[in-house]
Structures are given as structure tokens and as C-alpha cells.
Asks: 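One structure, as C-alpha cells, below. Some questions next.
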Amino acid sequence: FSRSQISFNELALNYADATRPNERNSPNREELRPSSRQGGFFLAGFDDSQERAFGIRDDFTAQMGSHTIKAGGDLSFRHLQLLFPIFSNGQFTFSCIPALPGPTGPIPDPLGCSGDRPFNPANAFSYPILRVQGFGNPQYEQDRTIVGLFLQDEIRISSNFNVNLGVRWDYDSDQFNSSFTSPLITDANPIVPLRNALAATGLLNPPERDFDNIAPRVGLSWDVAGDGKTLVRGGSGYYYAPLGGTLSLFPQVISGLFL
């Protein structure tokens with residue numbers, strides 16, 4: 001860190017190591033019933049997560065006459081490790097079925113709503129109407145490099161009026177999980193017509209990395225009477241922020257990689 005009458009520089013380093021355990025509330029299978037949710041499920045969707053991040057930030061400020069120029073950037077490296085065993089114990093959905101077809105006509109549910117009662121193999125009304133089962137490796141890891149650069153100029157128009165002009169550029173190397181290719185459009189999909197149809201749409205292709213996150217902005221500050229008692233501020237601009245790492249996981253979950 002150094003300082004002079006007209007300029008100064010600020011350099012900061014940071015490191016973070018965060019662990020978020022989230023155990024299943026019950027080892028039993030998950031049951032969705034008309035009036036309740038029972039069994040084992042993860043309150044946050046995942047079992048355990050760990051994220052490590054290292055970052056460096058450098059800002060330089062220089063005052064030149066009526067201009068205060070600021071420029072700088074930040075660079076961070078993030079590693080996310082996530083266990084996402086969704087539906088690993090199975091999810092069973094039950095419903096109230098008023099009646100089932102019989103040889104002489106509809107047969108009503110003798111208990112009114114067996115779907116809201118314990119399962120009984122002898123009672124056809126107590127069977128689930130849907131089962132979802134998770135398979136595969138639920139371990140997920142992601143490495144991301146996040147970059148931000150900015151330049152701004154605060155212009156002192158008069159003793160009581162300032163204008164701020166700036167622009168920022170942001171980049172996230174894997175915000176959209178660009179390295180992931182859906183197995184539905186690869187040779188692993190045994191249904192060739194479906195694979196070819198999905199591949200032709202391009203909708204399941206890995207998203208491209210986003211290099212055009214350019215964010216201009218403008219602001220103003222007006223001391224109405226010049227006495228510091230009434231100050232009017234305003235501004236407008238574009239702003240970008242990185243998504244949480246867990247959001248990048250969902251394409252892999254819904255694609256069938258884990259299910």
C-alpha cells in the first residue's frame with residue numbers, strides 16, 4: 001500500500017473455506033401424501049457442500065485537477081464440491097383415489113383416502129401412483145475463475161455538482177456449466193431418433209461462455225444549496241453478479257445424469 005498527495009493504491013487478498021453440512025432428516029424413503037410429506041429428504045436439496053475461494057483485488061486512485069480517476073480489478077478462483085443424492089432413497093407419491101374399476105362397476109376406497117394412511121399390500125388404494133428413483137454418482141465438482149475490471153471518472157463540475165462515469169467488465173469461466181454436455185444428445189442415449197432430434201435443436205448443447213458482460217454506469221451528486229444540508233443523488237447502469245455454484249448443477253440433475 002502506498003500513498004501520495006495525488007494518488008494511492010489498495011491491494012487486498014482474501015481466502016475463504018466454507019462447509020455446509022445438510023444431513024437427510026430421516027433415513028427412510030420420501031413419501032408425498034395428500035396431507036403430509038414424510039420420510040427422508042434434504043431440506044436444501046443437497047447433502048453436503050464445501051467451497052474454497054482465493055481472491056486478489058487491486059484498486060488505483062489518482063486525482064488530476066477536477067477529475068478523480070479510479071481503475072482496478074479483482075480475480076478469484078473458486079472450487080465447489082457438492083454431494084447431491086437427490087431421490088437416492090426413492091420418492092413415492094400417494095393420492096386419494098375415489099374408486100377403481102371393477103368387474104361389476106367402480107369399487108370405492110373403503111377407507112375414504114388410503115393414500116393418506118400407512119401402506120397396506122392388501123389394499124390397492126394404498127399403493128403409490130408415482131415413484132422417482134435416483135441413480136448414478138451424485139458427486140459434483142466445479143472450478144471457476146471470476147474476473148472483474150473497472151474504470152471510472154468522478155468529475156467535479158462545480159463546487160456543489162459532481163458527475164460519475166464508469167464502466168465495468170465481468171467474466172465467469174463456468175457460470176453456466178459450459179463444460180457439461182447432456183447425455184441425452186450423446187451416443188450414450190440408446191434412443192437414436194430422440195438423440196438426433198435433441199441434437200438438431202441445439203437446446204441441450206453446452207451454453208457458451210459469456211465474454212460480453214460490459215456494464216456502463218453514470219451517477220450524479222448535487223448539493224442543492226451548497227451547504228451540505230440537502231443532497232440529491234441519482235444514477236443508472238448495468239450490473240452483473242455471479243450465480244451461486246449450486247445453480248450450475250441443475251442441468252446435470254434434470255438431464256438424467258444423476259437420476
Side-chain angles (χ1 to χ4, degrees), residues 17-52 78-102 106-144 174-177 179-186 188-191 194-195 198 203-204 206-207 243-259:
D17 189 343
T19 300
R20 183 182 180 184
N22 182 44
E23 296 181 356
R24 192 189 301 267
N25 67 326
S26 168
N28 300 324
R29 66 191 182 193
E30 182 181 2
E31 297 181 359
L32 302 181
R33 296 187 177 275
S35 62
S36 64
R37 184 181 185 183
Q38 305 172 13
F41 58 88
F42 297 101
L43 299 178
F46 51 87
D47 187 7
D48 194 9
S49 69
Q50 183 177 35
E51 185 170 4
R52 293 187 176 95
R78 300 182 184 181
H79 176 76
L80 174 67
Q81 183 173 322
L82 188 68
L83 186 63
F84 203 111
I86 186 171
F87 305 133
S88 57
N89 281 8
Q91 182 191 75
F92 297 80
T93 301
F94 297 82
S95 180
C96 294
I97 304 175
L100 291 175
I107 301 175
D109 184 349
L111 300 179
C113 184
S114 296
D116 244 352
R117 299 173 182 271
F119 173 70
N120 179 3
N123 182 359
F125 292 92
S126 69
Y127 279 77
I129 62 171
L130 176 67
R131 174 185 177 182
V132 179
Q133 182 66 53
F135 298 95
N137 180 13
Q139 186 75 32
Y140 172 76
E141 293 190 44
Q142 182 190 53
D143 290 294
R144 298 166 68 180
D174 206 20
Q175 176 167 284
F176 301 116
N177 203 5
S179 58
F180 170 69
T181 300
S182 173
L184 296 178
I185 60 172
T186 66
N189 184 353
I191 308 177
L194 176 60
R195 180 194 67 197
L198 292 174
L203 295 176
L204 299 181
L243 294 174
T246 55
L247 295 178
S248 300
L249 172 65
F250 291 120
Q252 293 182 234
V253 174
I254 64 177
S255 71
L257 187 62
F258 293 163
L259 297 183

Asks: Identify the two heavy atoms, one from C113 and one from P34, that lie closest to each other, and give their separation to 0.1 Å.
Replies: SG-CG, 4.2 Å
Asks: Before giving the answer on side chain to side chain contact (heavy atoms under 4.5 Å, CB included), spell out for L32 and Q91 the whole-Å C-alpha distance, their side-chain angles and the decisive distance to 0.1 Å.
Replies: CA-CA 7 Å; L32 302 181; Q91 182 191 75; 3.6 Å; yes
Asks: I need the minimum non-hydrogen distance between I107 and G102, along with the two atoms involved.
Replies: CD1-CA, 3.8 Å
Asks: Identify the two heavy atoms, one from F92 and one from P128, that lie closest to each other, and give their separation to 0.1 Å.
Replies: CD2-CG, 3.8 Å
Asks: Taking all heavy atoms of F119 and all of R33, pick out the closest pair and write down the distance.
Replies: N-NH2, 4.1 Å
Asks: Can you tell me how far CD of Q81 sits from CZ of R52, rounded to the nearest 0.5 angstrom?
Replies: 7.5 Å
Asks: For E51 and L80, which heavy atoms make the closest approach, and how far apart are they?
Replies: CB-CD1, 4.2 Å
Asks: Answer yes if the side chains of D109 and S114 hold a donor-acceptor pair under 3.5 Å, and no otherwise.
Replies: yes
Asks: About how many Å separate CD of E31 and CG of N89, when rounded to the nearest 0.5 Å?
Replies: 11.5 Å
Asks: Measuring from F94:CZ to S35:OG, what's the distance to the nearest 0.5 Å?
Replies: 12.0 Å
